[in-house]
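Reviewing the structure listed below.
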Protein chains: 2
Amino acid sequence: MAVFFGTHAMKVDGKGRVSMPAAFRDALHASGDPSAVLMPADGAPVIEGCDHAFVEDLVKRAYTPGAMSEARREQVLLVLGEMVKLSLDPEGRFVFPSALRGHAGVEDTAVFVGRGRIFEIWHPAKHEAARTETKSKLGGERLSLARLFTVGEDKP
Amino acid sequence: MAVFFGTHAMKVDGKGRVSMPAAFRDALHASGDPSAVLMPADGAPVIEGCDHAFVEDLVKRAYTPGAMSEARREQVLLVLGEMVKLSLDPEGRFVFPSALRGHAGVEDTAVFVGRGRIFEIWHPAKHEAARTETKSKLGGERLSLARLFTVGEDKP
DNA sequence: TGGGATATCATGGGAATTCATGGGCGTCAA
DNA sequence: TTGACGCCCATGAATTCCCATGATATCCCA
């Protein structure tokens with residue numbers, strides 16, 4: 001399973017190319033298929049990315065009777081239409097599709113942020129703002145590994 | 001499962017490298033992947049560390065429907081963005097990322113403290129202070145293996 | 001049990017590799 | 001032709017590898 005974490009700022013060159021961070025490249029390789037999939041996030045200036053296996057899981061569940069609600073299924077199918085497959089060049093770069101770049105407002109720097117099974121691509125300032133807001137929304141609770149792993153509080 | 005315990009003071013060399021204590025290296029090896037993951041703890045001058053399996057567990061739970069509250073899930077995903085992967089060199093050392101070093105205030109000596117499934121990295125003096133404070137906060141109860149293992153007191 | 005031989009560990013510094021990035025060239029299609 | 005796209009090479013910086021050293025700690029055998 002590909003696991004993405006960490007934050008990496010990368011340049012977008014004159015040809016619109018971006019290096020996939022080496023750590024993410026390794027994570028992608030973990031699932032055999034080194035290609036990635038991008039998608040504009042709905043309602044926020046950010047691009048979401050994942051590996052091919054993640055999409056496959058989603059599709060499997062969408063086509064398994066009873067695995068999700070009809071509405072959720074419809075959402076999944078809709079989202080599938082917005083996905084873009086990336087192929088990396090021999091140096092580990094890809095051309096950042098201009099439509100997606102516009103959605104995220106990315107200019108010359110793209111910030112890659114790991115979120116577990118997916119990752120995000122942000123404009124640096126927008127990312128900083130979003131992160132700060134999320135943190136304040138979570139109510140100042142101290143974030144630590146040990147705390148996050150404790151049971152008892154993690155039930156809905 | 002990796003189990004970290006004990007306290008080990010290590011030097012930071014001119015290149016910013018630190019030896020992972022041998023005991024911790026062995027613990028990391030126990031889970032197959034000898035690499036470690038670091039993270040700045042929120043609200044305290046300390047770095048938290050764990051093995052890759054720990055992160056994977058966290059991610060798996062975060063992506064399992066119903067496994068945790070929405071707020072907790074958001075916290076986990078936020079924290080993932082702050083993590084840094086360490087790769088140990090053949091001698092068992094790693095470069096202590098300067099941002100993390102700054103967070104912990106570590107200069108030329110880093111104190112590694114085992115805390116079970118995770119470990120911590122401190123500035124020597126700050127660690128001593130924090131340890132003293134925690135002990136006093138626990139109300140002077142005598143700490144012994146036999147006592148800690150008795151049941152009846154360990155329910156919330 | 002003493003004590004030397006042998007590993008392991010922590011640490012230091014130079015060499016080689018990887019990474020991110022930039023640019024040129026050929027190819028295929030409209 | 002004219003782009004768009006993919007492939008190849010080049011480069012500087014940062015990272016990782018490799019070898020070396022002293023200090024402990026461990027082993028082994030008489």
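Using a 4.5 Å heavy-atom threshold, the side chains of A/L148 and B/R61 count as separate.
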(request) Please report the C-alpha distance between B/Y63 and B/R73 in whole Å, then the side-chain angles of each, then the deciding distance to 0.1 Å, and finally whether the side chain to side chain contact (heavy atoms under 4.5 Å, CB included) criterion is met. (result) CA-CA 8 Å; B/Y63 280 83; B/R73 180 180 137 85; 4.3 Å; yes
(message) The test is salt bridge (Lys or Arg N to Asp or Glu O under 4.0 Å); show your working for B/E74 and A/R115 and say whether it passes.
(response) CA-CA 10 Å; B/E74 202 52 55; A/R115 311 253 301 168; 3.3 Å; yes
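At whole-Å resolution of the value, CE in B/M20 and P in C/dT11 are 13 Å apart. As rounded to whole Å, 17 Å separates atom C1' of D/dC17 from atom CG of B/L86. B/L88 has its CG atom 14 Å from the C1' atom of C/dC9, to the nearest Å. Summarising the geometry, the separation between CZ on B/F112 and P on C/dC9 is reported as 15 Å, rounded to the nearest angstrom. The distance between atom CZ of A/F24 and atom C1' of C/dT18, rounded to the nearest whole Å, is 18 Å. A/K11 has its NZ atom 7 Å from the P atom of C/dG22, to the nearest Å. Following rounding to the nearest Å, A/D89 (CG) and C/dG22 (C1') show an atom-to-atom distance of 12 Å. Going from atom CG of B/D108 over to atom C1' of C/dT11 covers 13 Å, rounded to whole Å.
Comparing C/dA15, C/dA20, C/dG23 by their nearest atom to the side chain of A/R17 picks out C/dG23. For B/K15, whose side chain is taken as the heavy atoms from C-beta onward, the closest listed nucleotide among C/dA20, C/dT21, C/dA15 is C/dA15.
Taken residue by residue, residues 97-106 of chain A places no heavy atom nearer than 4.0 Å to DNA chain C.
Distances shown here put a side-chain N or O of B/S87 below 4.0 Å from the OP1 or OP2 atom of D/dT16. The side chain of A/R93 contributes no N or O atom lying less than 4.0 Å from OP1 or OP2 of D/dC5.
In this structure, B/P21 and A/D13 both approach DNA chain C, and ranking their closest nucleotides by distance from the 5' end singles out B/P21.
Note: B/E48 CD to B/I121 CD1 = 10.5 Å, rounded to the nearest 0.5 Å.
Residue B/E91 places a side-chain atom within donor-acceptor reach of the base of D/dC18, judged by atom type and a 3.5 Å distance cut-off alone.
Looking at A/K15 and A/D89, no side-chain N of the basic residue comes within less than 4.0 Å of a carboxylate O on the acidic one, giving no salt bridge.
Proximity of a side-chain donor or acceptor of B/H103 to a complementary backbone N or O of B/A44 within less than 3.5 Å is detected.
Annotation: A/D42, atom CG; neighbour count of heavy atoms from other residues, nucleotides and ligands within 6.0 Å does not exceed 12.
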